[in-house]
Amino acid sequence: MAPAVPRICCLDLDTFFVSVERLLDPSLEGKAVVVGASKGQRGVVTAASYEVRRFGVRSGMPMADAVRRAPDAIFLPTRHNTYSPYAKRVREVLERFCPEVRTASIDEFFLDFRGCERLYRRFGDADGDATIERVVHEMRRAIKRETGLPASAGIGASRPVAKIASGLAKPAGVVLVPVGREREVLGPLPVRKYPGIGPVMEERLLRAGLETLSQLVELPAGELRARFGGVAQRVRAGLEPNARVQLGRDRPAFLEHDQPQGGAVGSISNERTFHADVGDIQRVLDQLRTLTERVCWRARQRGVRARTVTLKLRFSNFHTVTRSMTDRPSHVEAQVLRRVRELFQRAQVLALPVRLVGVQLSNLVPDAPQLELPLGPDQPAPVGDALDAVRDRFGYDAIRLGVAGSKTRWLATPSEAVVAAG
DNA sequence: TCTGGGGTCCTAGGACCC
DNA sequence: TCTGGGGTCCTAGGACCC
């Protein structure tokens, strides 16, 4: 038996949005750059260059905070559509190195190198730690060469171990955690470093005097579970070099049945924070209509209908409520909007101005031909099909239903009018 | 200028069925 | 009449990730 080799790799693009902005504008190189909400808008930092992190700027931080900490930094608005083609090209490079690639987010990928022995031979004579490390180094260089983007990588026996290792590897490095030495290498880290332990759990653990992962996993399993629940128990599993972990199965994610069939996703949602809190119910309803239109369009694009519709409201005091309803599958605006309005009636628990509204579709089922009267009032009108066709070609915002604006009101049904917005 | 937007997963209680 | 389990679905909230 060859010695166990860690074969799960987490590849993470370093300060991804900032790196892309630098490719497009090389004068940003070496400067303090913050990507996030536009100036004057409500929002947070989505990416911060290493130069600006020195001032304490972090992603997720309110924009106003970032401006206060680093007033001289360069602030850029987030341009999602600009970044995703780069992520796609990175994935293409990864696929040349490994047949099993999972996209975890726009800037993070997991690779499973099990069953890649032939590839190993190309890079070294032994099937050992040094060989897979060389493969991953070469992969990083290929990404840099072909896309210009810096990346870091972690290698471990399981997904969480690889993930933590990639964090240790930043910037632009590779860290391998040998099988069987997880506790030794990762144990001294603060509990917050473990994926799944966030601010709330960290606080609970610190209050109990547990600061490091070692201290956490030394607790008896029963006590761990009873006091801190499933997350803490998963940490123990992640740091135990047993067979389950070596297979990367500590969570049922990743390998065989990871990706939902047909590329379907579990839910589709859109939400919007108002520039300033809104007390006018009609304006809230208008926004709900816009959001409903958008999620229904995305559902049709994906070829799914939703059984569950969820409305989300956040009030001016940040209190958030959700109301949901499960019914026959739909992706038809008129139907979904009717449900959203009903949920809205139920959700106005606070007489406070509204900060955010959201609409979510879940419980998605594959789009099958409807077994209903084809000309029922809830069916997409032919004009709806035409709308979708325009959007397929020119993008969602090429055309809008009704007129979005304070001076006009929404028309009652989609078939009444189509108004091009620009 | 406090606190985005897209997701996933977990928990817990109640309804309902067997 | 009393006393139960499981299992599944639905709903609401919340932690967490990038």
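Chain identifiers are assigned alphabetically (A, B, ...) following the order of the sequence lines, protein sequences preceding nucleic acid strands; residue numbering begins at 1 within each chain.
In this structure, Asp65(A) reaches neither bases nor backbone, as no heavy-atom distance under 4.0 Å exists between it and the strands shown. Counting any heavy atom pair closer than 4.0 Å across all strands shown, Gly36(A) reaches no nucleic acid atom. Using a 4.0 Å heavy-atom criterion, one finds that Ile106(A) contacts no nucleic acid atom at all. Residue Met61(A) is classed as having no contact, given no heavy-atom separation below 4.0 Å to the nucleic acid. Across all strands, Ser59(A) comes closer than 4.0 Å to no nucleic acid atom at all (heavy-atom distances). Using a 4.0 Å heavy-atom cutoff across all strands shown, Lys163(A) reaches sugar-phosphate atoms only and no base atom.
You'll find that the side chain of Ser105(A) is closest to dC18(C), out of dC18(C), dG5(B), dT3(B). In the set dG5(B), dT3(B), dC16(C), dC16(C) carries the atom at the smallest distance from any side-chain atom of Met201(A). The nucleotide whose nearest atom lies closest to any side-chain atom of Val44(A) is, among dG4(B), dC16(C), dG5(B), dG4(B).
At least one cation-pi condition fails for Arg341(A) and Phe344(A): the charged atom is not both under 6.0 angstrom from the six-membered ring centre and inside a 45 degree cone around its axis. Cation-pi geometry between Arg54(A) and Tyr50(A) is not met: the NZ or CZ atom fails to fall both under 6.0 Å from the ring centre and inside 45° of the normal.
Side chains of Arg69(A) and Arg58(A) form no contact here, defined as non-hydrogen atoms less than 4.5 Å apart. Looking at Val177(A) and Ile164(A), their side chains never come closer than 4.5 Å, going by heavy atoms from C-beta outward.
An OP1 or OP2 oxygen of dG4(B) is reached within less than 4.0 angstrom by no side-chain nitrogen or oxygen of Arg272(A). At dT3(B), one or more side-chain N or O atoms of Arg355(A) fall inside 4.0 Å of OP1 or OP2 (strictly under the cut-off). Of the side-chain N and O atoms in Thr273(A), one or more sit less than 4.0 angstrom from OP1 or OP2 of dG5(B).
Put simply, CG on Leu205(A) is 14 Å from P on dA15(C), counting in whole angstrom units. dC16(C) atom P lies 9 Å from atom CD of Glu202(A), rounded to whole Å. Rounded to an integer number of Å, the gap from CG of Leu356(A) to P of dG5(B) is 6 Å. In this structure, NZ of Lys170(A) is placed 11 Å from C1' of dC18(C), rounded to the nearest angstrom. We find that CD of Glu203(A) is positioned 11 Å from P of dC16(C), with the value rounded to whole Å. The nearest whole Å value for the distance from the CG atom in Asp107(A) to the C1' atom in dC17(C) is 11 Å. dG4(B) atom P lies 16 Å from atom NE2 of His80(A), rounded to whole Å. For Phe274(A) and dT3(B), the CZ to C1' distance is 17 Å, given to the nearest whole Å.
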Scoring nucleotides 6-14 of chain C by protein non-hydrogen atoms under 4.0 Å (B base, S sugar-phosphate only, - none) yields ----SSSS-

Note, DNA chain B 5' to 3' with Watson-Crick or G-U pairs under 3.5 Å encoded as ( ), [ ], | and . gives ....||||||||||||||

Requested in this report: Please test Ser269(A) against Lys312(A) for side chain to side chain contact (heavy atoms under 4.5 Å, CB included), starting from the C-alpha separation and ending with a verdict.
Outcome: CA-CA 10 Å; Ser269(A) 68; Lys312(A) 177 169 163 183; over 6 Å; no

Show your reasoning for whether salt bridge (Lys or Arg N to Asp or Glu O under 4.0 Å) applies to Glu92(A) and Arg96(A). CA-CA 7 Å; Glu92(A) 284 162 13; Arg96(A) 290 210 315 267; over 6 Å; no

task: Take Ile143(A) and Leu11(A), measure what side chain to side chain contact (heavy atoms under 4.5 Å, CB included) needs, and give me the verdict at the end.
output: CA-CA 11 Å; Ile143(A) 292 168; Leu11(A) 187 124; 3.8 Å; yes

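Between the side chains of Ser152(A) and Asp12(A), no donor-acceptor pair is found at a separation under 3.5 Å.
For the pair Ile268(A) and Val45(A), nearest-nucleotide mapping onto DNA chain B gives the more 5' position to Val45(A). Taking for each of Arg68(A) and Gly60(A) the nucleotide of DNA chain B with the nearest heavy atom, the 5'-most of the two is the partner of Arg68(A).
In textbook terms, a nucleotide whose glycosidic angle is within 90° of 0 is syn, while dT1(C), being further out, is anti.
Between Asp25(A) atom CG and Glu21(A) atom CD the span is 8.0 Å, to the nearest 0.5 Å.
Note: Tyr83(A) and Phe17(A) have parallel aromatic rings, judged against thresholds of 30 and 60 degrees for the angle between ring planes.
Nucleotides dC17(C) and dC2(B) are separated by 27 Å at their P atoms, to the nearest Å.
Just one residue in the list Val359(A), Val309(A), Thr292(A) forms a side-chain contact (heavy atoms from CB on, under 4.5 Å) with Leu337(A), and that residue is Thr292(A).
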